[in-house]
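On a predicted model such as this, the values are computed, not experimentally measured, just so you know.
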Amino acid sequence: MGESKETVESSGTMPQSRADLGREEGREDGSKQSPQKKGGFGAYQEPLLLLLFVTIGAILGLVFREKVAFLKPVGQIFLNLLFTLLVPLIFFSISGSIANVSDTNKVGKLLFYLILIFVSTAAIAAVLMFTVVHFVGLDTRLNLVSEAVEEVKKTDMASQIVDMFTVSDFPLVISRAHILPLIIFSIFTGMAVSLMGKEGEYVANFLNQWSKVFYKMVSLLMKLAPIGIGAYFADLTGTYGIDLIKTYGRALLTFYPTVIVYFFLFLGFYAFLAAGPWGVKNFFRVIFLPALTALGTRSSAAAIPLQLESCDDLGVPREISSVVIPTGATCHMDGACLATVYEILLVSALFGHSFHGIGDYLYAIVVSVVASVAVSSVPGGGAAMETMILAAFGFPPQALPMMLMLTQLFDAGCTLLNSCGDTVASMLISRIMLGKDWYKKKENGKLSSENA
């Protein structure tokens with residue numbers, strides 16, 4: 001989840017962009033360091049700094065209790081600034097990216113299977129986390145209901161879906177309370193500009209340039225995140241004490257074993273579907289170095305070259321891997337989906353938002369999948385995902401710092417699954433498009449004409 005920012009800097013979300021976004025955006029922040037070179041401590045510097053300030057805030061809260069309440073406005077100012085930037089950031093990032101796509105006809109079939117697999121594996125990850133939490137439970141010793149979630153009207157699932165994806169008037173679209181309708185409007189805008197062809201180039205460039213402006217603004221604001229979130233945590237721990245720390249500890253003990261299970265069992269199963277026992281054996285043979293790179297850099301983008309090399313070793317045609325791997329680095333987020341479901345369940349329990357039947361669970365799965373597939377491609381996508389969850393479930397703004405902290409704690413496991421899942425997705429698409437013996441053909445660089 002937290003890797004989204006660097007991922008978008010490093011690669012485009014769509015192939016064959018007018019502005020060659022995948023090459024240019026990685027240097028818009030003025031950095032000359034490639035993501036591949038940012039490893040070890042450097043890659044973890046920002047989350048460690050955030051963790052340091054949160055720890056200091058937690059200690060201050062535990063020692064001075066309600067006396068640290070004066071720090072809460074500092075955290076609230078940071079949150080308000082972040083909320084203000086999110087709507088234009090999402091609109092310009094998504095619409096600009098799609099508007100700059102000049103030609104996807106050659107890869108239309110490939111993109112269809114790519115989206116199908118991305119959404120399917122994300123939904124499976126969501127169901128897995130629901131199942132895990134059902135059996136191991138949540139740490140609900142905190143009582144945050146006093147912060148009062150506004151009462152959510154009980155509606156049927158059809159009405160929930162309508163309200164989730166649409167609004168009745170344009171002003172309602174440009175609001176953080178309606179993130180999903182905003183995403184749909186942004187996609188529609190980008191598609192319309194792209195279909196205009198040459199006439200739409202000026203608008204496409206306009207959208208792209210403004211996306212860079214808001215990305216820079218978010219990048220600058222996030223430098224203040226340790227102070228803002230640290231101040232908010234001082235107030236939280238001052239109010240709720242040691243129980244808040246225990247809640248995070250329980251979250252880690254639930255999330256990371258689930259990551260290990262998903263990595264070996266589910267990715268292994270997908271490899272088996274793609275190429276039988278050979279696929280399982282060779283997937284785990286080639287994935288070790290890309291997996292370590294993803295963990296060491298906290299970036300799926302940094303592992304792209306090694307993922308492409310692994311696909312070559314497996315016999316995945318480059319016409320498949322060259323599209324699936326870079327696109328997956330921005331919007332194939334099984335690990336993020338695991339984390340999002342856990343956040344939804346935990347915050348729901350803490351703030352008194354109960355689930356009533358299968359409709360609520362399906363609604364949560366839809367929110368998780370959309371958040372991990374669509375919003376993750378937005379710079380600062382972690383905050384955008386959390387904001388979408390707040391809007392979808394009616395959580396109060398006070399829930400955002402808690403979810404942002406969970407995002408940082410879960411990030412290494414998320415990145416591991418997000419990155420390695422792209423290789424196995426390439427294998428699955430090869431199986432669909434080239435047949436069960438695809439790995440024997442070694443057709444790197446071209447697809448068979450009858451299957452293209």
Could you tell me how the ring of [X] sits relative to the ring of [Y]: parallel (under 30°), tilted (30 to 60°) or perpendicular (over 60°)?
X      : Y      : value
Tyr262 : Phe266 : parallel
Phe185 : Phe170 : perpendicular
Phe214 : Phe92  : parallel

For [X] against [Y], the heavy-atom pair lying closest together:
X      : Y      : value
Val133 : Tyr342 : CG2-CD1, 3.8 Å
Glu343 : Met403 : OE2-O, 3.3 Å
Gly200 : Val193 : O-CG1, 3.4 Å
Gly268 : Val280 : O-CG2, 3.3 Å
Val347 : Ala399 : CG1-CB, 3.7 Å
Pro396 : Leu390 : O-CD2, 3.7 Å

Checklist entry - Checking side-chain contact (heavy atoms from CB on, under 4.5 Å) for the pair Phe188/Ser95: CA distance, chi angles, key distance, verdict? => result CA-CA 8 Å; Phe188 191 31; Ser95 62; over 6 Å; no
Next on the checklist: Checking Gln408 against Leu51 for the side-chain contact (heavy atoms from CB on, under 4.5 Å) test, could you report, in this order, the C-alpha distance in whole Å, the side-chain angles of both residues, the deciding distance, and whether it holds?
Outcome noted: CA-CA 8 Å; Gln408 292 297 332; Leu51 185 60; over 6 Å; no
Next on the checklist: Assess, by modelled atom type and distance only, whether the side chains of Ser426 and Gln307 contain a donor and an acceptor separated by less than 3.5 Å.
Outcome noted: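 No, Gln307 and Ser426 have no side-chain donor paired with an acceptor closer than 3.5 Å.
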Quick one: does [X]'s side chain get under 4.5 Å of [Y]'s, heavy atoms only?
X      : Y      : result
Thr166 : Pro181 : no
Leu253 : Pro257 : no
Leu362 : Val366 : no
Ile344 : Ser368 : yes
Pro317 : Ser430 : yes
Leu338 : Cys414 : no
Leu273 : Met427 : no
Val369 : Cys337 : yes

From [atom1] ([X]) to [atom2] ([Y]), nearest 0.5 Å:
X      : Y      : atom1 : atom2 : result
Leu267 : Phe283 : CG    : CZ    : 5.0 Å
Ser194 : Glu201 : OG    : CD    : 10.5 Å
Arg250 : Leu138 : CZ    : CG    : 7.0 Å
Leu434 : Ile320 : CG    : CD1   : 5.0 Å
Lys440 : Trp278 : NZ    : CH2   : 10.0 Å
Phe255 : Phe410 : CZ    : CZ    : 5.5 Å

Checklist entry - Between Phe263 and Ile287, is a side-chain contact (heavy atoms from CB on, under 4.5 Å) present by the stated rule, with each step listed? => result CA-CA 11 Å; Phe263 181 82; Ile287 206 63; 4.1 Å; yes
Checklist entry - Residues in salt bridge (Lys or Arg N to Asp or Glu O under 4.0 Å) with Asp169, at least two apart? => result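 Result, salt bridge (Lys or Arg N to Asp or Glu O under 4.0 Å) vs Asp169: none returned.
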Next on the checklist: Would you say CZ of Phe269 has more than 12 non-hydrogen atoms from neighbouring residues, nucleotides or ligands within 6.0 angstrom?
Outcome noted: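 No, because the 6.0 Å sphere around CZ of Phe269 holds 12 heavy atoms or fewer from other groups.
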List in chain and number order the residues that pass ring pair (Phe, Tyr, Trp, His ring centres under 6.0 Å) with [X], two or more places apart in sequence or in another chain; answer none if no residue qualifies.
X      : result
Phe264 : Phe284
Tyr361 : Phe130, Phe355
Phe272 : none
Tyr270 : none

Checklist entry - Given the rule in the side-chain contact (heavy atoms from CB on, under 4.5 Å) test, do Cys420 and Val424 qualify, once you have shown the distances and angles that lead to the verdict? => result CA-CA 7 Å; Cys420 296; Val424 85; over 6 Å; no
Could you check whether any side-chain N or O of [X] sits under 3.5 Å from a backbone N or O of [Y], counting only pairs where one atom can act as donor and the other as acceptor?
X      : Y      : answer
Trp438 : Ile432 : no
Asn208 : Ala204 : no
Thr258 : Thr254 : yes

Checklist entry - Taking the six-membered ring where the residue is Trp, are the ring centres of Phe393 and Tyr363 under 6.0 Å apart? => result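 Aromatic pair counts; centres sit under 6.0 Å.
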Could you give the side-chain donor-acceptor pairs of residues 117-129 under 3.5 Å, partners two or more places apart or in another chain?
unit_1: Ser120; atom_1: OG; unit_2: Leu116; atom_2: O; d: 2.7
unit_1: Thr121; atom_1: OG1; unit_2: Ile117; atom_2: O; d: 3.0
unit_1: Thr121; atom_1: OG1; unit_2: Phe118; atom_2: O; d: 3.2
unit_1: Thr121; atom_1: OG1; unit_2: His332; atom_2: NE2; d: 2.9
unit_1: Thr121; atom_1: OG1; unit_2: Asp334; atom_2: OD1; d: 3.1
unit_1: Thr121; atom_1: OG1; unit_2: Asp334; atom_2: OD2; d: 3.3

Checklist entry - Given Ser310, which of Val286, Asp422, Leu289, Ile325 fulfils the side-chain contact (heavy atoms from CB on, under 4.5 Å) condition? => result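 Answer after filtering Val286, Asp422, Leu289, Ile325: Val286.
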